[in-house]
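Values below: all heavy atoms of this structure, side chains included; hydrogens, waters and symmetry mates excluded. All of these numbers come straight from a predicted model, not from anything done at the bench. The sequence lines fix the lettering, A, B, ..., with proteins before strands; numbering per chain opens at 1.
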There are 4 protein chains.
Amino acid sequence: MSRDLPVIVDQHEPEASTPVRSRDATNTRELLLQAARRRFAYDGYAATTVRDIAADAGVNVALINRYFASKEGLFEACLARAAEDLGSPDAGAVTLDDVLQVMITQVAALPNGEQPLQLLLLLRSSGDERADRIRRNTLQSFAERMAEVAGWRATDAGGEDLILRAQIMLATGLGIVLLRSSSGMEPLTSATGQQLGTPLGEVLTTLLSSSPPGRRR
Amino acid sequence: MSRDLPVIVDQHEPEASTPVRSRDATNTRELLLQAARRRFAYDGYAATTVRDIAADAGVNVALINRYFASKEGLFEACLARAAEDLGSPDAGAVTLDDVLQVMITQVAALPNGEQPLQLLLLLRSSGDERADRIRRNTLQSFAERMAEVAGWRATDAGGEDLILRAQIMLATGLGIVLLRSSSGMEPLTSATGQQLGTPLGEVLTTLLSSSPPGRRR
Amino acid sequence: MSRDLPVIVDQHEPEASTPVRSRDATNTRELLLQAARRRFAYDGYAATTVRDIAADAGVNVALINRYFASKEGLFEACLARAAEDLGSPDAGAVTLDDVLQVMITQVAALPNGEQPLQLLLLLRSSGDERADRIRRNTLQSFAERMAEVAGWRATDAGGEDLILRAQIMLATGLGIVLLRSSSGMEPLTSATGQQLGTPLGEVLTTLLSSSPPGRRR
Amino acid sequence: MSRDLPVIVDQHEPEASTPVRSRDATNTRELLLQAARRRFAYDGYAATTVRDIAADAGVNVALINRYFASKEGLFEACLARAAEDLGSPDAGAVTLDDVLQVMITQVAALPNGEQPLQLLLLLRSSGDERADRIRRNTLQSFAERMAEVAGWRATDAGGEDLILRAQIMLATGLGIVLLRSSSGMEPLTSATGQQLGTPLGEVLTTLLSSSPPGRRR
DNA sequence: AATGAATGAGGTTTCATTCAT
DNA sequence: GATGAATGAAACCTCATTCAT
């Protein structure tokens with residue numbers, strides 16, 4: 001996300017004022033990625049047209065094929081970016097509190113008011129085999145990292161329960177993001193990260209904290 | 001829900017003898033609804049073609065327009081059906097345990113091995129205003145009924161927290177259904193209702209059990 | 001060619017008069033095949049657009065995909081038809097005179113004034129592997145049948161010379177068809193079958209008649 | 001023809017030293033012409049993309065428009081070049097043997113192993129009027145020169161037969177070139193100039209040798 | 001009531017060409 | 001002079017829908 005050059009690319013409407021096409025390839029690529037990410041995340045793959053994306057980015061449609069070979073290729077690039085974004089921040093997560101912070105960040109609004117799109121994107125499928133593998137792997141390893149913080153080790157026998165619980169935690173986050181973006185339900189949609197933090201933290205503790213003895217098995 | 005039973009939809013034999021042909025019409029309608037529900041739920045609205053649905057149902061494509069006016073109309077009919085199905089069973093839910101049973105039923109496999117499609121369907125949007133209102137209302141009242149069981153009353157002032165918590169509970173269920181149907185993640189996808197029941201029950205209790213008046217912290 | 005139902009399908013312009021779409025699938029298929037054959041033969045695969053073909057046939061463009069899956073599929077169907085047409089007539093060719101008749105028929109105008117398109121079509125390539133195999137095989141076996149009439153047997157050792165000569169004979173026919181259709185050169189283009197018959201017969205005799213002893217080897 | 005020699009077109013070294021950069025321009029033009037000729041000849045006009053040509057030539061696509069105004073202009077330049085190449089060598093052809101040598105040269109491989117492309121190119125059409133006129137004229141005068149060697153005079157009345165025969169001879173050559181380049185038929189494709197010489201010579205004699213006044217039958 | 005042929009709008013992609021640098 | 005970014009037209013194809021039968 002730090003590579004977003006947010007100063008330059010933070011517009012998402014066909015900027016009516018400047019007719020000066022920027023003629024900067026990497027910037028154009030970035031504009032397309034941003035626009036695509038938003039559309040794919042909110043509307044899904046099939047409901048999104050490349051014309052929509054190009055219009056949002058303020059560039060010509062043909063450039064999608066130039067830079068990403070196809071609509072499918074653009075989608076895959078979005079997924080790969082989301083996988084990166086979700087991969088690194090967790091590196092430092094070593095306590096359940098860290099995990100909670102990550103989850104809140106991914107579920108609630110960002111400091112600049114934008115909604116985070118990574119989780120939403122990971123729920124969208126294009127039907128393509130390669131893209132789906134990226135999705136699956138990213139989701140799976142996200143859950144596994146949560147389980148690891150909770151004490152799970154890959155070599156554990158019978159530790160499946162912890163993984164299942166981590167996946168349910170992930171499901172909670174995904175469900176919230178989805179409802180916020182597509183249902184407009186209140187108070188959920190307008191809830192701040194702080195308001196969501198308390199119940200989310202309770203769920204996290206319930207599911208993954210090993211303190212209450214006698215739960216496992 | 002009883003309509004789901006395969007007894008009624010026992011396929012489309014030409015049955016040449018009986019002159020009662022209106023039976024055919026309603027049966028055809030039903031076949032289309034079943035097929036559409038599955039496709040819309042699993043693939044989403046935009047990714048589903050009316051030809052797919054007609055082929056699954058074993059009937060001619062033109063009948064979709066005949067009976068439901070349009071693809072959109074068919075989708076709306078599916079949503080209405082899902083709203084009914086989710087509306088009635090809850091009527092009797094008066095304890096948190098009842099709520100848990102409903103949630104498990106909606107999230108895990110049915111006795112006959114079929115996946116329940118209602119929640120999945122409620123996550124799909126066609127972009128149409130009318131259809132989206134049905135979705136929203138159904139989800140909202142589903143959450144509200146959960147909150148009511150937990151002690152919330154519509155006239156309460158300041159009871160928003162309980163509603164939010166019910167919506168998070170709903171989000172958990174939706175997220176699980178979604179992951180099970182679209183990611184193939186294990187062990188989540190293959191988990192039985194029983195295996196899911198324990199953690200789901202813990203989450204439900206954590207979020208909605210009002211027993212300790214000082215629940216928070 | 002006898003399957004052409006020439007009465008019905010002998011138009012090649014978007015029949016302006018009758019607005020009554022015929023709603024007869026096999027006839028529509030046939031109209032498309034006729035139109036495509038002409039376009040592909042005269043203009044080549046790449047220069048022909050499916051809209052051209054549909055307009056010539058007087059039907060909607062989408063029907064090309066409906067009946068032939070793709071432009072490529074339509075082309076392949078044209079080739080297959082041409083292969084059939086060139087396959088049967090030769091069955092009875094047992095003398096060089098028979099071969100000459102076949103060649104004249106394929107090179108000069110038909111009784112009804114239409115140009116024969118089979119040879120022309122066999123010169124066109126779409127770049128597709130499957131289609132090209134059909135082309136190759138048809139041309140090769142056409143030449144081999146000529147060589148057989150001239151005395152060649154597949155089991156011959158050292159009979160390659162006869163095959164080469166048959167291929168040159170075929171080349172002559174192909175070249176004439178091509179020049180007549182694409183260059184407008186006179187008197188070649190307007191020459192009748194009769195006028196072409198004499199020189200063609202001489203060439204055929206020269207290349208394939210074994211009478212003059214001492215030529216072979 | 002001498003321009004074809006690889007010595008002149010020895011690729012596009014940046015050659016940083018010489019300040020004479022006009023050399024680069026003409027060299028670039030030449031590289032484009034060579035590449036275009038090959039592509040147009042083998043694949044036809046419509047199936048060839050300017051990007052293919054530029055890539056083959058190792059230069060930027062935009063230079064095609066710079067130097068030749070358009071794809072069409074480049075094609076015309078190729079045709080003009082082919083017309084020149086075919087025009088001069090015949091000047092000295094005064095006997096049927098000379099004609100045979102020219103034909104063999106144009107049909108079979110060159111000494112350096114490259115296929116001659118002129119005849120192939122003359123069979124390709126872009127649909128453009130001007131370009132087609134060049135094609136037609138070149139082919140026509142090629143045939144006329146053959147007829148002249150065989151005794152035809154432009155002022156002859158009733159000498160049409162000789163022209164027709166020359167055109168058939170030309171057709172034979174064109175057909176062979178075409179089959180060799182696009183069908184892979186054997187033994188034709190791999191035949192050497194020598195192997196082709198005997199039958200070609202027989203055909204030439206048969207068609208154009210005027211020695212026996214009562215040639216016909 | 002049901003079928004399948006036909007249609008037109010719109011989707012993705014390709015390609016020749018133009019424009020800044 | 002040369003490059004590569006950008007553009008718009010047009011190509012192939014898909015799909016919901018309508019029309020005869």
Side-chain angles (χ1 to χ4, degrees), chain A residues 20-29 46-54 58-74, chain B residues 12 14 21-29 46 48-54 59-74, chain C residues 20-29 46-54 58-74, chain D residues 12 14 21-25 28-29 46 48-54 59-74:
Chain A
V20 187
R21 287 274 65 67
S22 59
R23 206 164 278 271
D24 170 348
T26 59
N27 187 38
T28 299
R29 256 189 74 104
T48 299
T49 76
V50 291
R51 287 201 140 81
D52 290 339
I53 297 172
V59 307
N60 187 282
V61 207
L63 295 181
I64 288 178
N65 299 279
R66 179 173 176 70
Y67 291 127
F68 301 96
S70 65
K71 179 188 182 185
E72 181 60 46
L74 175 54
Chain B
H12 39 98
R21 77 178 53 179
S22 69
R23 283 282 304 269
D24 288 339
T26 53
N27 188 36
T28 297
R29 258 188 74 102
T48 299
T49 75
V50 291
R51 290 203 133 81
D52 288 339
I53 298 172
V59 308
N60 188 280
V61 205
L63 297 182
I64 288 179
N65 293 278
R66 183 173 195 71
Y67 288 133
F68 301 95
S70 66
K71 181 189 182 185
E72 182 58 48
L74 175 53
Chain C
V20 188
R21 288 274 65 69
S22 59
R23 204 164 279 270
D24 170 349
T26 58
N27 187 38
T28 298
R29 255 188 76 103
T48 299
T49 76
V50 291
R51 289 204 137 78
D52 289 341
I53 296 173
V59 306
N60 188 282
V61 206
L63 295 180
I64 288 178
N65 299 279
R66 179 173 175 69
Y67 291 128
F68 301 96
S70 65
K71 180 189 181 185
E72 180 60 47
L74 176 53
Chain D
H12 39 98
R21 76 179 54 178
S22 71
R23 283 282 303 271
D24 287 339
T28 297
R29 258 189 73 103
T48 299
T49 76
V50 291
R51 289 201 134 82
D52 288 340
I53 297 172
V59 307
N60 188 281
V61 204
L63 296 181
I64 288 178
N65 292 277
R66 182 172 195 72
Y67 288 134
F68 300 95
S70 66
K71 180 189 182 185
E72 181 60 46
L74 176 54

Between [atom2] on [N] and [atom1] on [X], what's the gap in Å once rounded to a whole number?
| X | N | atom1 | atom2 | answer |
| --- | --- | --- | --- | --- |
| B:Arg29 | E:dA1 | CZ | P | 13 Å |
| A:Phe68 | F:dA6 | CZ | P | 12 Å |
| D:Asn60 | F:dG4 | CG | P | 6 Å |
| D:Leu63 | F:dA2 | CG | P | 6 Å |
| C:Asn27 | E:dG4 | CG | P | 19 Å |

Let me know, please, whether A:Arg66 or C:Ala25 comes out on the 5' side of the other along DNA chain E by nearest nucleotide.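 Nearer the 5' end of the strand: C:Ala25.
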
DNA chain F in dot-bracket, Watson-Crick or G-U pairs under 3.5 Å, [ ] crossing, | other strand? .||||||||||||||||||||

What pair of heavy atoms forms the shortest contact from A:Thr48 to A:Lys71, and how long is it?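 Looking at all heavy atoms of both residues, the closest pair is O-NZ, 2.9 Å.
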
Applying a 4.0 Å non-hydrogen cut-off, can you work out what A:Tyr67 is touching in the nucleic acid: base, sugar-phosphate, or nothing?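 Touches sugar-phosphate only.
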
Using a 4.0 Å heavy-atom cut-off, write out nucleotides 15-21 of chain E from 5' to 3' as B (base contacted by protein), S (sugar-phosphate only) or - (no contact). BBBBBS-

Mind listing the side-chain donor-acceptor pairs of residues 59-69 of chain B below 3.5 Å, one per line with the distance, residues two or more places apart or on another chain?
unit_1	atom_1	unit_2	atom_2	d
B:Asn60	OD1	B:Ala62	N	2.8

